[in-house]
Amino acid sequence: ASGSYFKQNGVIGGNQGNSYYERISSRISIDSDVKKWLKVGGNVIFSYSNSKSLGTSGSYSPLGMALQASPLWSPLASEEQSKNYPQSANKNEDGVAYNSFDGEFLGTSEIWNPMIQITEPIQLFKQDYLNGTMFLEFKFLPCLKLRSSINYEMEWKRWNSYSDGYFMNATNKNPTTSASASTNRYGKWTQDNVLTFDKTFKEAHHLTAMIGSSIEEWKSVGTGSSRTSLYMIPDGNHAWVDNGVDSNGEQRGSGGYSDE
């Protein structure tokens, strides 16, 4: 048996708590010769991962904006600038609004403060993963054996995202709060049978022959929903689609099922 735990904050946004990865994993294996002609074994693997991510690639990512912005610009807005900002303007822990860069550069609508993006949670993701296998191996003759195994694999993925509105600049802004959630469950089982003949003749010739069968079945179920115009909620951990929903908000849902 073995287990491990790993956690790391993201290089971009990690100090804001908006970028990290966490994983817990474990493994158990069993292998025993019950009889001279019978071997039994199996293993179970389980892992849980939890992450929060930001878009970090491309020219419109926080890193791309930081490379394009002038080093002379202040990341925080002055008191005079803040007076013209809407309620949805992003602020730091001290309540000071981040500078939108408006009026500081011709065409500034294409360049915005990367600190605003870092303080906007993009997506929460959680996953449970389980994989278990059990086998029986029968040895009929020293050169003839049959191995029969069954495997089950399961994944349960959940995505949550939340935005309390943002104000990048006068052109790129959205005062509407929103939340979305989706989930997907995937399961697959496989049953294999393999008969193997393996023999050496007169220490000069070796023959190996195999014949087998395999059966597989899988199912996947997914659902999703989103909502806009939420009431004020403390943070993204409370951003459930049905939590304090404004009756004027728009709600959408989706779902799907497949098997084979």
Side-chain angles (χ1 to χ4, degrees), residues 1-8 10 19-53 122-162 179-199 208-226 236-237 239-242 252-260:
S2 63
S4 64
Y5 174 77
F6 173 82
K7 184 174 183 179
Q8 181 176 340
S19 177
Y20 61 81
Y21 178 77
E22 179 182 32
R23 183 183 69 237
I24 301 172
S25 60
S26 61
R27 178 188 178 95
I28 299 176
S29 298
I30 300 174
D31 194 329
S32 176
D33 292 315
V34 180
K35 300 287 186 179
K36 290 183 178 180
W37 52 269
L38 177 61
K39 187 175 184 179
V40 178
N43 63 76
V44 177
I45 300 172
F46 174 78
S47 67
Y48 165 79
S49 61
N50 174 29
S51 64
K52 183 184 287 187
S53 60
I122 300 300
Q123 182 169 270
L124 295 167
F125 175 70
K126 295 182 180 181
Q127 175 179 278
D128 295 302
Y129 176 78
L130 176 68
N131 190 315
T133 301
M134 181 178 179
F135 73 86
L136 297 173
E137 188 173 284
F138 302 91
K139 182 178 287 188
F140 303 113
L141 298 170
C143 61
L144 183 65
K145 64 181 180 180
L146 171 66
R147 183 184 177 99
S148 181
S149 65
I150 185 168
N151 171 266
Y152 179 72
E153 181 181 20
M154 184 274 292
E155 286 183 339
W156 180 26
K157 299 178 180 180
R158 289 91 73 199
W159 296 266
N160 291 86
S161 62
Y162 163 69
S180 66
S182 60
T183 181
N184 179 267
R185 287 179 181 269
Y186 169 82
K188 182 180 75 172
W189 70 268
T190 307
Q191 203 277 321
D192 295 310
N193 299 290
V194 179
L195 182 65
T196 304
F197 179 83
D198 190 358
K199 187 175 178 62
T208 299
M210 301 174 67
I211 186 172
S213 65
S214 180
I215 302 174
E216 179 181 292
E217 180 179 282
W218 63 267
K219 295 180 179 180
S220 178
V221 179
T223 58
S225 60
S226 62
N237 294 324
W240 296 99
V241 174
D242 60 349
R252 297 179 180 178
S254 62
Y257 171 81
S258 61
D259 61 20
E260 186 174 318

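Computed from heavy atoms alone, side chains included, the values below leave out hydrogens, waters and symmetry copies. Small disclaimer: the values here were computed from a predicted structure and weren't measured.
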Subject >> Gap between atom CG of N50 and atom OH of Y21 - 0.5 Å precision >> reply: 9.5 Å
Original post:
Judged by atom type as modelled, is there a donor-acceptor pair below 3.5 Å linking the side chain of D198 to the main-chain atoms of A209?
Top reply: no
Subject >> Closest approach of N43 to S29 (non-hydrogen atoms, all atoms of both residues) >> reply: CB-OG, 3.6 Å
Subject >> Value rounded to 0.5 Å, distance of CZ in F138 from NZ in K145 >> reply: 13.5 Å
**OP:** Determine whether W218 and T190 make a side-chain contact, defined as any pair of heavy atoms from C-beta on separated by less than 4.5 Å.
**Re:** no
Subject >> Audit row: D128, F46, side chain to side chain contact (heavy atoms under 4.5 Å, CB included) steps and yes/no >> reply: CA-CA 8 Å; D128 295 302; F46 174 78; 4.0 Å; yes
Original post:
Would Y5 and E22 count as having a side-chain donor-acceptor pair, cut-off 3.5 Å?
Top reply: yes
**OP:** Mark yes or no for whether S148, through its side chain, and F135, through its backbone, hold a donor-acceptor pair below 3.5 Å.
**Re:** no
**OP:** Please round to the nearest 0.5 Å and tell me the distance separating atom CD1 of I30 and atom OG1 of T133.
**Re:** 12.5 Å
Original post:
Should the pair K7 and Y20 be classed as cation-pi, given the thresholds of under 6.0 Å to the six-membered ring centre and 45° from the axis?
Top reply: yes
Original post:
Applying the side chain to side chain donor-acceptor pair (under 3.5 Å) test to S4, which of S47, S26, S25 qualifies?
Top reply: S25
Original post:
In terms of heavy-atom contacts, does CD1 of I28 have more than 12 from other residues, nucleotides or ligands at under 6.0 Å?
Top reply: no
Subject >> Interatomic spacing from CZ in R23 to OG in S51 - rounded to 0.5 Å >> reply: 11.5 Å
Original post:
For the side chain to side chain contact (heavy atoms under 4.5 Å, CB included) test, which of E216, E217, M154 pairs with K188?
Top reply: E216
**OP:** Can you establish whether the number of heavy atoms outside L141 located under 6.0 Å from its atom CG is more than 12?
**Re:** yes
Subject >> Interatomic spacing from CG in N160 to NZ in K52 - rounded to 0.5 Å >> reply: 11.0 Å
Original post:
Any side-chain heavy atom of E137 within less than 4.5 Å of one from S149?
Top reply: no
Original post:
When rounded to the nearest 0.5 angstrom, what distance separates CD1 in I45 from CZ in R27?
Top reply: 4.0 Å
Original post:
Can you tell me if CG on L144 sees more than 12 non-hydrogen neighbours from other groups inside 6.0 Å?
Top reply: yes
**OP:** Look at D192 together with R147 and state whether they make a salt bridge at an N to O cut-off of under 4.0 Å.
**Re:** no
Subject >> CA sep, side-chain torsions, deciding dist, call: Y129, E153, side-chain hydrogen bond (donor to acceptor under 3.5 Å, both in side chains) >> reply: CA-CA 8 Å; Y129 176 78; E153 181 181 20; 3.0 Å; yes
Subject >> Side chains of N184 and W159 in contact at under 4.5 Å (non-hydrogen atoms) >> reply: yes
**OP:** Tell me whether the centres of the aromatic rings in Y152 and W189 are closer together than 6.0 Å.
**Re:** no
